[in-house]
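Remarks on the structure that follows.
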Amino acid sequence: MRLRSMLYIPGNSPAMIQQAPVFGADSILLDLEDAVALSEKDSARDLVCAFLKGLDFGTVVVTVRLNGSDTPFFDGDLRAVIPCRPAAVRLPKCSSPQDVLACDALMAELERESGLDVGTVKLHAMIETARGLSNAQAIADCCPRVTALTLGGQDLTADMGVRKTREGKELFTARTLVALAARAAGIDAFDTVWTDVNDNEGLLEETKAVVGLGFSGKAAIHPGQIEWIHKAFVPEAKEIVRARRIVEAAQAAEAEGRGVVSVDGRMVDAPVVKRALHTLEMARLAEEVL
Ligand SMILES: CC(C)(COP(=O)(O)OP(=O)(O)OC[C@H]1O[C@@H](n2cnc3c(N)ncnc32)[C@H](O)[C@@H]1OP(=O)(O)O)[C@@H](O)C(=O)NCCC(=O)NCCSC(=O)C[C@@](O)(CC(=O)O)C(=O)O
Ligand SMILES: [Mg+2]
C-alpha cells in the first residue's frame, strides 16, 4: 500500500488518537518519543498499547515511533508494543546498521514469544543524525525488516548545528541521499514534517519538491496538513493526458514490433513508458481517495 501521508499523534493524547481513523491519513504514527514529556513516557506507552488492542483503525496503517535505542525507554517500548502488532515501528536516530540490527534481534525474539512470524512488524529507520546520514545506504540494506528510511529534519539540522529554513536548502543533500539510498534498496523514503501548521502553501510546495526527489511519502503533525500532502502527489491534468498518449503510443508500437516511438516529436522508450505508467498510477490513486 502507498503511504503518502503519515500523521504523528502524541502517544499520551487519547482524544487525538481516538480520532485517528477519520482524519483521512494513509498512516498514523503513534509517538512515544519527542511528542511525549519524560514524565508521561510510561502512561503514553500503556495508552498506545490499549488503543492498538482496542481501536479499529480501519484501513489506516498504524506505526509506533519508539524512544531511541540509547534511552532507558527503548527496551520497555518494544516489549510492550510488539505483541500489539502495529504494522511497523519507527526507530529514531539510527546512526549505524548495528542500531537497526540490535532492534531487529529484539523484535524477532518478541515476535516469537508472541506467536507472530518473525518479520511481521516492519521497521522504519529514521535518518536524523550526521552519522546516520553518512551510513544511510548501509542502514537501508542491513536487514529485510527495514521497509523505509525516514528523514528527521529537525534533529538532523540540530545535529549539524545549522539553521532550519523555510526554503530547506540545508536539507537538500540529506533528502537526495535518503531518497537515493531507499530507492537503491527498493524501500520507501518518507520526508520530515513541515512545522508551520498555518502555512499550507509552503507545505504543498515542499511536498511537491520532495516527491520530485523520489520520496514516497511525508510526515504530518496536524490533521489539516494531510489533504495538502495528498495534493502534491496528484499529477497535473496535462501530465495525465500526455502519460495516456505515451502508453497508447508505446502499446501500438509494440504491436508493430518497434521499441521506440515518437510522441509530439519527443522520443518514447521503455523508461519514458515506466514514468508514464507511474503518473497514471498516481492519478488513479488520487481518484480512488478523492
Ligand atoms: C502542533 C500542535 C501542537 C498544534 O496544536 P493545536 O492545539 O494548536 O492545534 P489545533 O489547530 O488547535 O487543533 C485542532 C484540532 O486538531 C487536533 N489535532 C491537532 N494536532 C493533531 C494531531 N497531530 N493528531 C490528532 N489530532 C490533532 C486537536 O486536538 C484539535 O482537536 P479538537 O480539540 O477536537 O478540535 C499539534 O498539532 C500537535 O501536537 N501535533 C503533533 C506534534 C508531534 O507529534 N510532534 C512530534 C513529531 S515531529 C518530530 O518529532 C520531528 C522529527 O523527529 C521527525 C520527523 O520530521 O519526521 C525530526 O527530527 O524532524
Ligand atoms: Mg527527530
Side-chain angles (χ1 to χ4, degrees), residues 3 6 8 29 31-36 38 41 63-75 77-78 88-107 122-196 202-203 205-207 209-221:
L3 303 182
M6 272 142 279
Y8 274 108
L29 297 162
D31 192 18
L32 299 177
E33 200 213 16
D34 286 351
V36 177
L38 282 181
K41 290 290 186 192
T63 294
V64 177
R65 182 167 70 166
L66 308 166
N67 287 287
S69 53
D70 58 344
T71 71
F73 309 106
F74 170 72
D75 197 82
D77 284 353
L78 262 190
V89 293
R90 203 173 244 229
L91 182 64
K93 302 177 182 75
C94 294
S95 286
S96 67
Q98 286 70 31
D99 291 344
V100 174
L101 291 171
C103 184
D104 171 60
L106 182 52
M107 288 173 78
K122 306 304 178 201
L123 198 160
H124 296 177
M126 293 197 75
I127 305 297
E128 45 182 358
T129 61
R131 168 69 54 189
L133 186 60
S134 61
N135 284 326
Q137 192 65 64
I139 290 171
D141 288 335
C142 73
C143 160
R145 198 193 287 276
V146 176
T147 55
L149 292 187
T150 86
L151 179 66
Q154 300 295 327
D155 272 301
L156 182 63
T157 46
D159 195 38
M160 295 285 291
V162 298
R163 193 171 296 138
K164 189 165 183 307
T165 65
R166 185 178 187 276
E167 294 70 32
K169 278 189 191 153
E170 66 284 355
L171 286 179
F172 178 75
T173 303
R175 283 181 162 131
T176 307
L177 290 173
V178 166
L180 182 66
R183 293 290 168 184
I187 63 177
D188 283 328
F190 299 134
D191 190 44
T192 188
V193 296
W194 176 260
T195 53
D196 186 347
L203 168 63
E205 205 181 305
E206 179 169 278
T207 311
V210 302
V211 170
L213 290 177
F215 279 84
S216 38
K218 184 169 176 69
I221 51 165

Practice item. Carefully, step by step, assess F74 and L91 under the rule side chain to side chain contact (heavy atoms under 4.5 Å, CB included). Key: CA-CA 9 Å; F74 170 72; L91 182 64; 3.7 Å; yes

**Study point:** Side chains of L123 and C143 in contact at under 4.5 Å (non-hydrogen atoms)
**Key:** no

**Study point:** Heavy-atom side-chain proximity of L156 to I127 below 4.5 angstrom
**Key:** no

What residues form a side chain to side chain donor-acceptor pair (under 3.5 Å) with [X], not counting sequence neighbours?
{"X": "Q154", "result": "none"}
{"X": "E167", "result": "none"}
{"X": "T129", "result": "S95"}
{"X": "T176", "result": "none"}

Could you measure the distance from the [atom1] atom of [X] to the [atom2] atom of [Y]? Nearest 0.5 Å is fine.
{"X": "T63", "Y": "L3", "atom1": "OG1", "atom2": "CG", "value": "7.0 Å"}
{"X": "M107", "Y": "K122", "atom1": "CE", "atom2": "NZ", "value": "9.0 Å"}
{"X": "T173", "Y": "L133", "atom1": "OG1", "atom2": "CG", "value": "8.5 Å"}
{"X": "T207", "Y": "W194", "atom1": "OG1", "atom2": "CH2", "value": "8.5 Å"}
{"X": "I139", "Y": "S134", "atom1": "CD1", "atom2": "OG", "value": "8.0 Å"}
{"X": "E128", "Y": "L151", "atom1": "CD", "atom2": "CG", "value": "8.5 Å"}

Sort and list the pairs that fulfil salt bridge (charged side-chain N to carboxylate O under 4.0 Å, His left out) and have at least one residue in [range], not counting sequence neighbours.
{"range": "residues 130-152", "value": "D104-R145, E111-R145"}
{"range": "residues 63-72", "value": "D31-R65, E33-R65"}
{"range": "residues 180-193", "value": "R175-D191, D191-K218"}

Study note, to complete from the structure: Sorted by chain and residue number, the ring-ring contact (aromatic ring centres under 6.0 Å, His included) partners of F215 (sequence neighbours excluded) come out as none

Taking all non-hydrogen atoms of both residues into account, name the closest pair between [X] and [Y] and its distance.
{"X": "A179", "Y": "G214", "answer": "CB-C, 4.3 Å"}
{"X": "C103", "Y": "L78", "answer": "SG-CD1, 4.0 Å"}
{"X": "I187", "Y": "A140", "answer": "CD1-CB, 4.0 Å"}
{"X": "K93", "Y": "D99", "answer": "O-OD2, 3.9 Å"}
{"X": "T192", "Y": "G153", "answer": "OG1-N, 2.8 Å"}
{"X": "A182", "Y": "L149", "answer": "N-CD1, 4.0 Å"}

Revision key, fill the gap. Salt bridge (charged side-chain N to carboxylate O under 4.0 Å, His left out) filter on D196, not counting sequence neighbours, yields none

Exercise for review: In sequence, state the C-alpha distance, the side-chain angles, and the governing distance for H124 and T147, and then conclude on side chain to side chain contact (heavy atoms under 4.5 Å, CB included).
Suggested key: CA-CA 6 Å; H124 296 177; T147 55; 3.5 Å; yes

Review point. K164 and L171: side chain to side chain contact (heavy atoms under 4.5 Å, CB included), yes or no, with the steps?
Key: CA-CA 8 Å; K164 189 165 183 307; L171 286 179; 4.1 Å; yes

Using only atom types and a distance under 3.5 Å, with no angle test, would you say the side chain of [X] pairs donor to acceptor with the backbone of [Y]?
{"X": "S216", "Y": "A189", "value": "yes"}
{"X": "K41", "Y": "L32", "value": "yes"}
{"X": "E170", "Y": "T165", "value": "yes"}

Check your understanding: Which pairs count as ring pair (Phe, Tyr, Trp, His ring centres under 6.0 Å) when at least one residue sits in residues 131-153, sequence neighbours excluded?
Key -> none

**Study point:** Pair listing, ring pair (Phe, Tyr, Trp, His ring centres under 6.0 Å) test, anchored in residues 128-170, at least two apart
**Key:** none

Practice item. Quick one: list whatever passes side-chain contact (heavy atoms from CB on, under 4.5 Å) with A130, sequence neighbours left out. Key: D159, M160

